[in-house]
Amino acid sequence: MHFKPIFFLLLFGYLTSFGQILKKEIPDKMVVLTFDDAPASHYSYVAPLLKEYGFGATFFVCEFPPNYKDTTLYMNWRQMKELHQMGFEIANHTRTHANVAKLSKDSFFEELSYIENTCDSLQINTPLNFAYPGYGLDDEVLNHLAEKNYRFARAGGKRTYNPLEDHPYLIPSWAPDATNEEEIMEAIKSAKNGHITVLTFHGVPDLEHPWVTVPEELFKKYMDFLKEKEYQVISLRKLETYIDVQEAHQKLKPDFSKRLKN
């Protein structure tokens with residue numbers, strides 16, 4: 001009996017502290033769609049379908065070497081601007097799809113700044129969110145992102161995102177491909193109880209990287225399921241409607257013991 005007041009006081013303090021991270025309750029059936037590497041199919045197939053379904057999404061763009069100039073494989077910047085004009089988020093994936101954990105601070109900033117400056121020149125909103133190419137990251141990378149005032153950064157890990165536990169720079173995700181339909185359907189269904197499912201798509205299809213390709217019919221099957229089951233499908237930046245990012249950065253410590261790669 002003597003411990004009850006202490007217990008409830010500690011519980012109240014815990015709930016109050018972490019409650020400040022959330023601006024409002026995370027609803028069930030919330031899915032964040034992200035798309036990496038700027039393959040041409042994002043412009044020709046993905047974006048029109050998402051627009052038709054009323055879904056939000058984040059496109060993490062880069063100039064993927066060596067074939068970026070071949071617009072049969074990758075979007076050009078005019079097409080990326082059109083995605084922005086359609087209402088989608090354009091975010092930063094470095095200029096050259098670099099493993100940023102292997103870069104100096106200056107080189108990392110050059111990679112980020114190229115995408116930022118190109119967006120600015122095209123009147124695309126300055127990117128505030130980042131995805132780690134190849135899931136390369138470490139604590140120094142997180143420090144550099146903080147210095148550049150990035151809001152969220154997406155990793156891997158094959159688990160849901162819990163805003164009360166996962167640091168904003170270590171947002172976990174699943175990566176669909178042509179072979180893991182059952183896993184991805186279960187991932188989608190796990191968006192409940194304050195947890196958010198984040199999906200990392202590549203090309204639909206991805207002609208240059210077939211190991212991460214998703215066939216058009218499979219992608220449409222996922223989108224049909226999300227639409228029919230009335231999921232809320234949003235971009236990464238839309239999470240700021242629910243999450244006080246500054247509070248999350250202050251209160252949550254990065255946990256590198258959790259799986260962060262797909």
Side-chain angles (χ1 to χ4, degrees), residues 30-65 67-97 111-133 145 148-154 171 173 176 196 198-209 212-214 216 219-220 222-224 226-227 230-243 245:
M30 178 174 284
V31 171
V32 174
L33 295 182
T34 68
F35 297 85
D36 286 11
D37 302 348
S41 57
H42 289 177
Y43 176 79
S44 63
Y45 180 74
V46 170
L49 184 64
L50 297 182
K51 192 70 175 176
E52 177 185 343
Y53 283 30
F55 291 167
T58 298
F59 291 86
F60 288 104
V61 302
C62 61
E63 294 185 358
F64 208 120
N67 293 322
Y68 169 71
K69 293 182 180 180
D70 182 352
T71 55
T72 65
L73 295 176
Y74 293 96
M75 290 190 289
N76 57 43
W77 278 99
R78 176 187 58 80
Q79 293 168 329
M80 295 179 205
K81 181 176 181 178
E82 287 189 45
L83 264 58
H84 163 72
Q85 292 171 332
M86 293 171 72
F88 297 112
E89 177 184 10
I90 303 299
N92 206 324
H93 204 37
T94 74
R95 179 180 187 179
T96 65
H97 199 266
E111 291 274 349
L112 291 175
S113 295
Y114 178 85
I115 300 296
E116 295 165 357
N117 294 338
T118 305
C119 285
D120 180 67
S121 70
L122 294 171
Q123 297 181 311
I124 299 171
N125 292 342
T126 301
L128 294 175
N129 297 321
F130 180 74
Y132 304 98
L145 288 172
K148 292 279 284 183
N149 295 315
Y150 275 73
R151 312 289 280 170
F152 295 110
R154 196 219 63 222
I171 293 181
S173 70
I196 302 163
V198 182
L199 299 178
T200 298
F201 286 95
H202 294 82
V204 185
D206 195 310
L207 299 179
E208 192 168 20
H209 307 101
V212 291
T213 196
V214 173
E216 289 183 3
F219 181 76
K220 189 173 187 302
Y222 292 141
M223 299 304 106
D224 286 343
L226 292 170
K227 187 69 173 179
E230 298 182 335
Y231 278 73
Q232 185 171 341
V233 184
I234 63 173
S235 64
L236 199 60
R237 71 181 172 199
K238 188 70 173 180
L239 287 178
E240 292 201 53
T241 304
Y242 299 88
I243 300 166
V245 182

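Here the structure is a predicted model, which is why all the values come from computation and not from measurement.
The shortest distance between side-chain heavy atoms of Glu240 and Phe152 falls below 4.5 Å. A heavy-atom distance below 4.5 Å is not found between the side chains of Val32 and Ile171. Contact annotation: the side chain of Met30 approaches that of Tyr242 to within less than 4.5 Å [non-hydrogen atoms, C-beta and beyond]. Within the 4.5 Å cutoff, the side chain of Tyr114 has no heavy atoms near those of the Thr94 side chain. Annotation: side chain of Phe35 is in contact with side chain of Leu50 (closest heavy-atom distance under 4.5 Å). By the 4.5 Å heavy-atom criterion applied to side chains, Tyr43 and Glu82 are counted as neighbours. Ile115 places a side-chain heavy atom less than 4.5 Å from the side chain of Pro127. Under the 4.5 Å side-chain criterion, counting only non-hydrogen atoms from C-beta, Asn125 is in contact with His84.
Although no hydrogens or angles enter the test, the distance criterion places a donor-acceptor pair under 3.5 Å between the side chain of Lys51 and the main chain of Met86. Using a distance-only test at 3.5 Å, with no hydrogens or angles considered, a donor-acceptor pair links the side chain of Asn92 to the main chain of Leu112. Without hydrogens or angle criteria, Ser41 side chain to Pro205 main chain gives a donor-acceptor distance under 3.5 Å. In terms of modelled atom types and a separation under 3.5 Å, the side chain of Ser235 and the main chain of Glu89 share no donor-acceptor contact. Judged by distance alone, with hydrogens and angles left aside, the side-chain atoms of Glu63 form no donor-acceptor pair with the main-chain N or O of Arg95 at under 3.5 Å. With hydrogens and angles disregarded, a donor-acceptor distance shorter than 3.5 Å links the side chain of Ser121 to the backbone of Thr118.
Atom CD1 of Ile124 is separated from atom CE of Met80 by 8.0 Å, given to the nearest 0.5 angstrom. In this structure, OH on Tyr150 lies 3.5 Å from CD on Glu116, to the nearest 0.5 angstrom. Atom CG of Asn76 is separated from atom CD of Gln79 by 4.0 Å, given to the nearest 0.5 angstrom. Distance CG/Asp37 to NE2/His202: 4.5 Å, rounded to 0.5 Å. From Leu83, atom CG reaches atom CE of Met75 across 5.5 Å, with rounding to the nearest 0.5 Å. For the atom pair Phe88 CZ and Thr58 OG1, the distance stands at 10.0 Å (nearest 0.5 Å).
Other residues, nucleotides and ligands contribute at most 12 non-hydrogen atoms within 6.0 Å of the NZ atom of Lys238. Atom CD of Gln85 has more than 12 heavy atoms from other residues, nucleotides or ligands within 6.0 Å.
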Could you give me the CA-CA distance, side-chain angles and deciding distance for Arg237 and Asn129, then say whether side-chain contact (heavy atoms from CB on, under 4.5 Å) is met? CA-CA 7 Å; Arg237 71 181 172 199; Asn129 297 321; 3.7 Å; yes
Show, in sequence, the C-alpha distance, side-chain angles and deciding distance for Phe59 and Val46, and conclude whether the side-chain contact (heavy atoms from CB on, under 4.5 Å) test is met. CA-CA 11 Å; Phe59 291 86; Val46 170; 4.1 Å; yes
Could you go step by step and tell me if Cys119 and Ile90 meet the side-chain contact (heavy atoms from CB on, under 4.5 Å) rule? CA-CA 8 Å; Cys119 285; Ile90 303 299; 4.1 Å; yes
For the pair Asp36 and His97, evaluate side-chain contact (heavy atoms from CB on, under 4.5 Å) and give the outcome as yes or no after the intermediate values. CA-CA 10 Å; Asp36 286 11; His97 199 266; 5.9 Å; no
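Under the 30°/60° scheme for interplanar angles, the aromatic rings of Tyr74 and Phe64 are found to lie parallel. Ring geometry for Phe60 versus His93: interplanar angle of 30 to 60°, hence tilted.
Contact record, Met223 with Leu33: SD-CD1, 3.9 Å, taken as the closest heavy-atom pair. Shown here for Thr200 and Thr34, the closest heavy-atom pair between the two residues is CA-OG1, 3.4 Å.
Side chains of Tyr53 and Asp224: a donor-acceptor N/O pair is present below 3.5 angstrom, by distance only.
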